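These notes are about the structure you will find just below.
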Amino acid sequence: MGGKCPHRKVKKRRLNCKTVRRGKFLVKADDAVYDELVKLADQGKDCEGKPLPVDEDLPGMGQFYCLHCDRYFADEAVKEDHYRSKRHKKRVKQLSGPAPHTQIDADLAGGMGMPDNGLKLMSS
């Protein structure tokens, strides 16, 4: 009397796949992408305007790149489909808001920052 557990959800099976779990770590963190976007905005450049170098190891020779999601695509049609996707729109909205948290923020919140010893007293 085998079979699948009736309480098991599809989502749980999807996350067991090793390639899905590995994919989360292949993209840059939010703060690194946000820093690149701020740097381009300070220089007055558009993220789409610069020509990309040709790289044979990347999909589409490295010519079709989404800066917000840090992904390369095989051709222009796939990139345009990605721009219309829900995942890309969420990412753009997330990065257009306030700056994401960094490791320094996490250290300060955890009490691992610089010690606050109060005012320094003058000794005579």
Side-chain angles (χ1 to χ4, degrees):
M1 296 263 225
K4 296 179 184 171
C5 177
H7 303 294
R8 189 176 172 129
K9 303 235 187 245
V10 176
K11 287 188 217 174
K12 291 182 182 177
R13 276 184 281 159
R14 242 188 333 212
L15 295 177
N16 283 339
C17 183
K18 188 185 289 187
T19 56
V20 172
R21 286 183 285 147
R22 189 181 313 136
K24 289 193 293 187
F25 302 106
L26 295 179
V27 296
K28 291 181 189 172
D30 294 343
D31 54 339
V33 173
Y34 185 82
D35 291 341
E36 286 184 18
L37 288 172
V38 168
K39 189 183 345 174
L40 284 175
D42 289 342
Q43 294 173 355
K45 295 182 182 176
D46 186 18
C47 57
E48 298 295 323
K50 63 179 183 176
L52 298 171
V54 175
D55 188 0
E56 295 179 2
D57 296 333
L58 296 173
M61 303 289 280
Q63 297 301 304
F64 309 105
Y65 178 67
C66 175
L67 180 64
H68 294 94
C69 302
D70 188 44
R71 290 184 60 191
Y72 289 93
F73 300 99
D75 59 359
E76 188 69 31
V78 178
K79 185 173 105 173
E80 293 300 322
D81 288 342
H82 166 74
Y83 284 161
R84 289 190 295 268
S85 70
K86 190 174 188 178
R87 177 180 285 176
H88 175 76
K89 290 176 184 177
K90 279 185 176 181
R91 182 85 170 171
V92 170
K93 185 176 180 180
Q94 178 186 14
L95 291 175
S96 66
H101 297 291
T102 60
Q103 184 62 39
I104 296 169
D105 297 335
D107 289 343
L108 290 174
M112 296 173 57
M114 295 295 292
D116 185 16
N117 296 331
L119 297 173
K120 293 186 177 186
L121 300 175
M122 295 180 61
S123 60
S124 51

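Quantities reported herein were computed from a predicted structural model and do not represent experimental measurements.
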Qualifying residues under side chain to side chain contact (heavy atoms under 4.5 Å, CB included), relative to D81, sequence neighbours excluded:
R84

Minimal heavy-atom distance between H68 and L95, with the atoms involved, is O-CD1, 3.7 Å

Going by the rule side-chain hydrogen bond (donor to acceptor under 3.5 Å, both in side chains), which residues pair with Q103 if we only count those two or more places apart in sequence or in a different chain?
D107

V78 with V92, same ILVMFWY side-chain cluster at under 4.5 Å
no

Residues at least two apart in sequence or cross-chain that pass ring pair (Phe, Tyr, Trp, His ring centres under 6.0 Å) with F64, listed by chain then number, are none

Looking at residues at least two apart in the chain, or sitting in another chain, which of them share a side-chain hydrogen bond (donor to acceptor under 3.5 Å, both in side chains) with H82?
H88

CG-CZ distance between L58 and R71, expressed to the nearest 0.5 angstrom
13.0 Å

Quick one: pull up CD in E76 and OH in Y83 and give me the separation to the nearest 0.5 Å.
7.5 Å

Looking at P100 and Y34, what are the two nearest heavy atoms and their distance?
CD-CG, 3.5 Å

Quick check: is M61 connected to F73 through a chain of hydrophobic side chains (ILVMFWY, heavy atoms under 4.5 Å apart)?
no

Please, which pairs that meet salt bridge (charged side-chain N to carboxylate O under 4.0 Å, His left out) have at least one residue in residues 29-40, sequence neighbours excluded?
K28-E36, D30-R91

